[in-house]
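Report on the following structure.
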Amino acid sequence: MLRILVVDDEPHARDELVYLLGLHQGVGPVECAADGPAALLALDRALAHRHPVDAVFLDIRMPGLDGLEVARVLSRFAEPPPVVFVTAYDDFAVPAFEVRALDYLLKPVRAERLAETVRRIAERRTPPPAPGEPAPAPLPVPPAPPAEPPAHDETIPVEISGVTRFVQRSEVRHVEACGDYVRLHLASGSCLLRAPLSSLEEQWQDAGFVRVHRRYLVATGHIEELLAESGRLSVRVAGTVLPVSRRSSRRLRELMLSASGLPRGGRAAHG
């Protein structure tokens, strides 16, 4: 059973979250704290009794030690518990990402979003079996989401339908410039991120992303085909055909030929 600590200075919000967590069969004891110092004391007691919590649900705006400061303290633990931020504000997503939050829930918490979070916590919980005992049966929680991303991957906070979610850079097929934003195209759909395309081009070049057009950045690992027609080059990325500017054509050809091991005299496919 999952052991959870809920930290919120508002009694009503605290009680509501405890009630929603109690609806899950895989959730066991839920302890509460009204502020940051009380949360740290509760965690210290849990460790002293060898019953560490499986997750900490943290409000962000609290008097004194706020949720982000508590999370930074937890990050220095030998085995930091996963942190889930629960807040009425959506402008703390980037700081939450920087302290490696497991999830970011907006108040009022929706039952279906909380269920997804509980699944993720259950997936991370892997208690070792006692000597001579078989491994414990899976927790009675619905199936978990995809496995954790590789250590070199990057987690990106984005807003989808008014809810801040976290996606992995490895999920991105291509990026499209949209004014002050960019649209990240994933296998499961797309989402907006407030960032200039030029910044992502610089930050993600070592992860295999290349600028092919003033409007597009593509993940070379998802390129399926280069297409040449009427002297113009385009590229098929995860089923989507994107234009390639003349300035980017030579570099893209060289990158793809280098990756494939073909001689530089190779030709692109003709559409």
Side-chain angles (χ1 to χ4, degrees), residues 1-88 92 96 99-145 147-148 166:
M1 302 290 279
L2 297 176
R3 302 178 62 88
I4 290 176
L5 174 64
V6 172
V7 188
D8 199 313
D9 63 315
E10 298 178 1
H12 174 73
R14 208 165 53 230
D15 293 345
E16 176 69 13
L17 184 53
V18 170
Y19 168 75
L20 291 173
L21 286 167
L23 298 178
H24 293 266
Q25 292 182 354
V27 174
V30 178
E31 189 169 353
C32 295
D35 54 39
L40 295 176
L41 285 173
L43 290 167
D44 187 58
R45 285 196 306 270
L47 288 173
H49 289 87
R50 298 186 179 181
H51 294 302
V53 301
D54 296 299
V56 180
F57 284 70
L58 269 175
D59 184 23
I60 291 185
R61 287 194 173 179
M62 295 186 294
L65 199 65
D66 67 26
L68 289 169
E69 291 169 325
V70 172
R72 292 188 185 103
V73 173
L74 298 184
S75 70
R76 296 197 289 270
F77 281 28
E79 296 183 9
V83 169
V84 177
F85 285 112
V86 187
T87 177
F92 292 105
V99 295
R100 300 183 180 278
L102 176 70
D103 211 342
Y104 190 98
L105 304 178
L106 288 177
K107 297 177 181 177
V109 176
R110 294 184 294 115
E112 59 270 26
R113 276 290 285 120
L114 183 61
E116 180 182 336
T117 302
V118 170
R119 283 197 299 270
R120 297 181 68 188
I121 296 168
E123 173 67 10
R124 291 172 66 100
R125 183 181 184 267
T126 53
E133 291 186 2
L139 289 169
V141 178
E148 288 291 302
F166 296 99

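Only a predicted model underlies this, so the values are computations on that prediction, with no experimental measurement involved.
- Using a 4.0 Å cut-off between charged nitrogen and carboxylate oxygen, Glu123 and Arg120 do not count as a salt-bridge pair.
- The minimum heavy-atom distance between Ala13 and Asp8, with the atom names listed, is CB-OD2, 3.6 Å.
- Note: Leu114 CG to Leu20 CG = 6.0 Å, rounded to the nearest 0.5 Å.
- The shortest heavy-atom contact between Asp35 and Ala38 is OD1-N, 2.8 Å.
- Of all heavy-atom pairs between Arg124 and Pro82, the closest is NE-CG, 3.6 Å.
- With values rounded to the nearest 0.5 angstrom, Leu21 atom CG is found 4.5 Å from Ile4 atom CD1.
- Residues passing the side-chain contact (heavy atoms from CB on, under 4.5 Å) test with Val18, sequence neighbours excluded: Val6, Val30, Cys32.
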Going by atom type alone, with no hydrogens or angles, which donor-acceptor pairs under 3.5 Å involve a side-chain atom of residues 62-81 and a protein atom two or more places apart or on another chain?
from	atom 1	to	atom 2	distance (Å)
Asp66	OD1	Leu68	N	3.1
Asp66	OD1	Glu69	N	2.8
Glu69	OE1	Asp66	N	2.9
Ser75	OG	Arg72	O	2.6

* After noting the C-alpha distance and the side-chain angles of Thr87 and Tyr104, does the key distance pass the side-chain contact (heavy atoms from CB on, under 4.5 Å) rule? -> CA-CA 8 Å; Thr87 177; Tyr104 190 98; 3.6 Å; yes
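- A distance of 4.5 Å separates CZ of Arg113 from CG of Asp103, quoted to the nearest 0.5 Å.
- Contact between Val7 and Ala39 at its shortest, heavy atoms only, is CG2-CB, 3.5 Å.
- With rounding to the nearest 0.5 angstrom, the CZ atom of Arg110 is 9.0 Å from the CG atom of Leu105.
- Side-chain contact check for Val99 versus Val83: every heavy-atom pair is 4.5 Å or farther apart.
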* Show the numbers, then the answer: is there a side-chain contact (heavy atoms from CB on, under 4.5 Å) between Leu17 and Val86? => CA-CA 9 Å; Leu17 184 53; Val86 187; 4.1 Å; yes
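- Taken from CG in Leu43 to CG in Leu5, the straight-line distance is 5.0 Å, to the nearest 0.5 Å.
- Pairs passing the salt bridge (Lys or Arg N to Asp or Glu O under 4.0 Å) check and including a residue from residues 41-63, sequence neighbours excluded, read Glu31-Arg45, Asp54-Arg125, Asp59-Lys107.
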* To do: Determine, stepwise, if the pair Val118 / Val27 fulfils side-chain contact (heavy atoms from CB on, under 4.5 Å).
  => CA-CA 8 Å; Val118 170; Val27 174; 4.2 Å; yes
